[in-house]
Each structure stands twice: as C-alpha cells, then as structure tokens.
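These numbers were taken from a predicted model, which means no experiment stands behind them.
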Amino acid sequence: MFKRNKSIVRILTLLLAATIVLTGLGASALADSFSAAVKSRSMKVYADANGQNYLGSLSRKTIVTVEEYVGGVARIRYNGVTGYAKVSDMRAVASFAKRAQTNTETRVYQQPDASSASIKVKSGTVMNVLAVSGGIAMVEKDGQVGYVKAAHLNIEGQTNSSVTVPGEILEKLPENVVEQIESGNVTQSQLEALKKVLEEQEAAKEAEKKEEAKPETIEQAFASGKYSNEQLCYAFAVKVMGYNTAAAAGLLANINAESGFRPLINGDSGTSYGICQWHASRKTRLLNWCESKGMDASTLAAQLYFLKYELETYYPSVDRYLRNVENSAQGAYDAAYYFCYNFEAPANRVTKSVTRGNSARNTYYPRYAGVAA
C-alpha cells in the first residue's frame, strides 16, 4: 500500500474543488462527451449558455466533462452539476494526458492515501495519467479522478521513470511550463535547473523583504517627503540625538514656540533665524558651521544637526540634563522648562519656560508616547 505523499497532495488538490466519488470507471453514458481540464486560473460557470445566471467558478486544473459545445461555449458537467463555460478556459484531457493501461488488477483510490475509499479495476483498464509523483499516479477516466500505484500502469511512450515535480514548485510555474511537464517534455536535469532558478528568485524576494523591513534611517525619512517637520524633529531627537520621548517632547515644545517648525523664519528684525531662532552671534555660528560641513543652513536637516552640535559643544549641561530626564509626562515638562530657561533664554524666561513645559507635558508627550521613531 502506498502512503500519503505530500508533494502529490499539493499538486492534486489544485485539481479537485470538491470530493469525487469513484463509482466505476466504465464507458461514459454520453458517447460524444469528453473530459477537459480548466486551464485558466478561474473559470466562471453559468446556468445558461448566455452567461446570465452565474453559478460559481472552478479553479485551474479542475477536471470536468464536456457534454457538447457550440462556438465558444461548452455545456459541462462537474460533480453532478451541469453548467456552461467558455471553451477557451479549458483544454481536452486527451491533448496533454498520457494514455495508460493497468498491467495488473489494482485499486483506484479517491485520495492519494491507501486509507481512502477505493474501487478495484481489472488488468488492461485504459485511463489517462494526469501526473505522477512519489510512485503515485493521478488518473482520469470519463471525468472521474483517482489515484493508483504508478508501477501498476504501462504509460504510453514512457521509457524511464517519470520526473517527480514537487507541488510547491509546480504551483509557481507558468502555465506553459506546467503543460510541458504534464506532457512529459521535460528532463530531470531541466527540472533541476528550473528549481535552482526558482530558489534563487525566492532568495531574492526574501532579501528584498528583509531590506524593506529594516528601520528607516533619518536620511530616508527626510528624503521621503512623508513626514511633517514636527515628525522629523521628533525622529531626529530620538534616532540621532538619542533622547527619550520626554526629552524629545521638550524639544518640540520649544521649537514650536520659537518657529512653528519653520527653518526659514526670521525674527528680531532679521537678527534671529531658524527653528530655534538662533540670535546674533549664534546665528553666525549656525551659518559658518553649516558652510564648513557643506550643508545648506536653510534646511531643517542642517539646522537639526547644528542643534545637536551646539548642545554637545556649547551647552553640555543642557544636553546631559535632557539625556537623563525621566521618560514621563513630568519628565517632558522638566525637559521643556530646562531647555527654554538654559538654552533659549528668552525674555520673561520663567513664564515662557512654564508655558513650554505645559505644552510638552500636555500636547507633545501624549502625542508621541509609545510611537516608534
């Protein structure tokens, strides 16, 4: 007895959309009828020849019985149901299957498993072979489909063992290649070469998926055009400056108050400039530093990189405070207050520090808490 074969199960489940009851493989009741396989990926079936009453669809490689056809429409029977479908969606089983005769009395099984229902057939019974895998042949006769030991068949034109095509490979092949394999026009070496190509394609797809899954860099974020200036400032504070959400919220509250996240804004009669409204000598330092780095001082990216440089070089205590602030709503308030009071140092600094602290705690921290940069 043969055991269940996973490869042929994958191949042959494509051919069966419902359970087929094997009740004899004798001659068809309709002498002019013939078996056909669905060759389109999905064949629509209608209750009438005019295609007005849709019954459903049959998947590629489903075996049906063609009772008659006129022009481009065929009357078919499948699993006891009669309907109409396009001739162009099918091809006769005889055009691609191999004829075979049983060389001994054997059994034809309903499934590729010896424990499934079966019937006994005599030696010399003629049938069509649709596929062979792992020593099991899928056979068809008069629209009925079953499974038999390949060794119990004399297959027409076969001089050596059949090429075994794993189901997971067959499912990925173009239709014309599948037809070649089914008709026996493929060698083992050709199959191995084909499998190698498919494996390389799968490896390339996996590599592409891994590349897509990589976290977006800050450069990619700036270039994408997908984000607002506020979002870019937050991402920069977390990804590049290494701040937690509370510290980043403190920065956002101050940048919003100074410039509304607009890098081109001028203030104080033109003496202040940029997202942090760098004033007088600090504005000059911004322009000179960007020029030395080959960066455009009018861009948000350049100003954020300068902000990082200025904090680390001229305001290390502010930078250190932000790095150590508690990652909480209160931490956001403390970060905004400290940054305003010690870095921005505006007029009425206490009042403005409190206002920006509240903005960080009540607006920006809730907005970005739990959001991955």
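Partners of Phe236 by ring-ring contact (aromatic ring centres under 6.0 Å, His included), not counting sequence neighbours, listed by chain and number: Tyr305. Remark: Asn256 pairs with Phe261, Tyr364 by the side-chain contact (heavy atoms from CB on, under 4.5 Å) rule, at least two apart or across chains. Listed by chain and residue number, nothing satisfies the ring-ring contact (aromatic ring centres under 6.0 Å, His included) test with Tyr69 (two or more places apart in sequence, or in another chain). Shown here are the salt bridge (charged side-chain N to carboxylate O under 4.0 Å, His left out) partners of Arg367, two or more places apart in sequence or in another chain: Glu230. Qualifying side-chain contact (heavy atoms from CB on, under 4.5 Å) partners for Val73, counting only residues two or more places apart in sequence or in other chains: Ala49, Tyr84. For Ser116, the side-chain contact (heavy atoms from CB on, under 4.5 Å) test picks out Tyr109, Gln110, Gln111, with sequence neighbours left out. Partners of Asp334 according to the side-chain contact (heavy atoms from CB on, under 4.5 Å) rule, which considers only residues two or more places apart in sequence or in another chain, are Tyr321, Val325, Gln330. For Lys122, the salt bridge (charged side-chain N to carboxylate O under 4.0 Å, His left out) test picks out no residue, with sequence neighbours left out.
Rounded to the nearest 0.5 Å, atoms CG (Asn128) and CD1 (Ile155) are 11.0 Å apart. Of the inter-residue distances, the one linking Ile265 atom CD1 with Cys276 atom SG reads 12.0 Å to the nearest 0.5 angstrom. Separating the OG atom in Ser33 from the CD atom in Glu68 is a distance of 10.5 Å, to the nearest 0.5 Å. Within the model, atoms CZ of Arg41 and CG of Leu58 stand 15.5 Å from one another, a figure rounded to the nearest 0.5 Å. Atoms OH and OG, from Tyr333 and Ser353 in turn, are 8.0 Å apart once rounded to the nearest 0.5 Å. The OG1 atom of Thr106 sits 10.0 Å away from the NZ atom of Lys120 when rounded to the nearest 0.5 Å.
Membership of an apolar cluster is not assigned to Val197, as no side-chain contact below 4.5 Å to another ILVMFWY residue is traced.
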Salt bridge (Lys or Arg N to Asp or Glu O under 4.0 Å) for Lys226 and Glu216? Distances and angles first, verdict last.
CA-CA 12 Å; Lys226 296 187 297 184; Glu216 189 176 34; 3.7 Å; yes
Could you go through the side-chain contact (heavy atoms from CB on, under 4.5 Å) check for Met90 and Ile76 one step at a time?
CA-CA 11 Å; Met90 297 172 279; Ile76 65 170; 3.9 Å; yes
Between Tyr147 and Val108, is a side-chain contact (heavy atoms from CB on, under 4.5 Å) present by the stated rule, with each step listed?
CA-CA 5 Å; Tyr147 309 89; Val108 179; 5.9 Å; no
For Gln144 and Val139, what are the C-alpha separation, side-chain angles and deciding distance, and is it a side-chain contact (heavy atoms from CB on, under 4.5 Å)?
CA-CA 8 Å; Gln144 304 289 340; Val139 296; over 6 Å; no
How far apart are the C-alpha atoms of Glu156 and Lys98, what are their side-chain angles, what is the distance that settles it, and do they pass the salt bridge (Lys or Arg N to Asp or Glu O under 4.0 Å) test?
CA-CA 6 Å; Glu156 187 177 277; Lys98 292 193 174 187; over 6 Å; no
Please walk me through it: do Glu140 and Ser35 pass side-chain hydrogen bond (donor to acceptor under 3.5 Å, both in side chains)?
CA-CA 8 Å; Glu140 179 277 336; Ser35 299; 2.2 Å; yes
Might you work through the side-chain contact (heavy atoms from CB on, under 4.5 Å) test for Phe222 and Leu304, ending with a clear yes or no?
CA-CA 12 Å; Phe222 275 112; Leu304 285 170; 3.7 Å; yes
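For the 3.5 Å distance criterion, the side chains of His279 and Thr271 qualify, holding a donor opposite an acceptor. A donor-acceptor contact closer than 3.5 angstrom links the side chains of Asn154 and Asn103.
In terms of modelled atom types and a separation under 3.5 Å, the side chain of Ser272 and the main chain of Asp268 share no donor-acceptor contact. Formation of a donor-acceptor pair under 3.5 Å by the Thr102 side chain with backbone atoms of Glu105 is not found in this model. Asn244 places a side-chain N or O within donor-acceptor distance of the main-chain N or O of Ala246, the cut-off being under 3.5 Å. Put simply, the side chain of Asn50 never gets that close to the backbone of Gln52: no donor and acceptor are under 3.5 Å apart. Side-chain N or O atoms of Ser259 include one that pairs as donor or acceptor with a backbone N or O of Ile275 at under 3.5 Å. Judged purely by atom type and a 3.5 angstrom limit, Lys141 uses its side chain to pair as donor or acceptor with the backbone of Val126.
Between Tyr273 and Trp278, the ring centre distance reaches or exceeds 6.0 Å.
Residues Leu153 and Met127 form a side-chain contact, since some pair of their non-hydrogen atoms from C-beta on lies under 4.5 Å apart. Met138 is listed as a side-chain neighbour of Val145, based on a closest heavy-atom distance under 4.5 Å. Contact of the Thr82 side chain with the Glu67 side chain is registered, since non-hydrogen atoms from C-beta on lie closer than 4.5 Å.
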Please table the atom pairs, donor to acceptor, closer than 3.5 Å between any side-chain atom in residues 337-348 and protein atoms at least two apart or in another chain.
from	atom 1	to	atom 2	distance (Å)
Asn342	ND2	Tyr338	O	3.0

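The two residues Asn229 and Pro263 come nearest to each other via the heavy atoms ND2-CD, 3.7 Å. Taking each heavy atom of Trp289 and Ser292 in turn, the nearest pair found is O-OG, 2.6 Å. Between Ala302 and Cys290 the shortest heavy-atom distance is CB-SG, 4.0 Å. Taking every heavy atom of both residues into account, Ala221 and Tyr227 meet most closely at O-CD1, 3.6 Å. Of all heavy-atom pairs between Ala335 and Ala247, the closest is CB-CA, 3.9 Å. Shown here for Asn362 and Pro366, the closest heavy-atom pair between the two residues is O-CG, 3.5 Å.
Residue pairs satisfying the salt bridge (charged side-chain N to carboxylate O under 4.0 Å, His left out) criterion with at least one member in residues 314-329, sequence neighbours excluded, are listed as follows: Glu312-Arg323, Asp319-Arg323. For residues 256-266, the pairs satisfying salt bridge (charged side-chain N to carboxylate O under 4.0 Å, His left out) are Glu258-Arg356, with sequence neighbours left out.
Taking hydrophobic clusters as Ile, Leu, Val, Met, Phe, Trp and Tyr residues chained together by side-chain heavy-atom distances below 4.5 Å, Val87 shares a cluster with Val66. Cluster annotation: Val81 is not connected to Ile63 through the hydrophobic network of ILVMFWY side chains, with a link wherever side-chain heavy atoms come within less than 4.5 Å. Ile255 and Tyr309 fall within a single hydrophobic cluster, where Ile, Leu, Val, Met, Phe, Trp and Tyr are joined by side-chain heavy atoms under 4.5 Å apart, directly or via other members. Follow the hydrophobic side-chain contacts under 4.5 Å out from Leu287 and you never reach Leu300; the two are in separate clusters. Side-chain heavy atoms closer than 4.5 Å link hydrophobic residues (I, L, V, M, F, W, Y) into clusters, and following such links, even through other members, never connects Leu322 to Tyr365.
In Glu291, the CD atom is not crowded: 12 or fewer heavy atoms of neighbouring residues, nucleotides or ligands sit closer than 6.0 Å. Other residues, nucleotides and ligands contribute only 12 or fewer heavy atoms inside 6.0 Å of the NZ atom of Lys44.
Arg285 forms a cation-pi arrangement with Tyr314, by the criterion of a distance under 6.0 Å to the ring centre and an angle within 45° of the ring axis.
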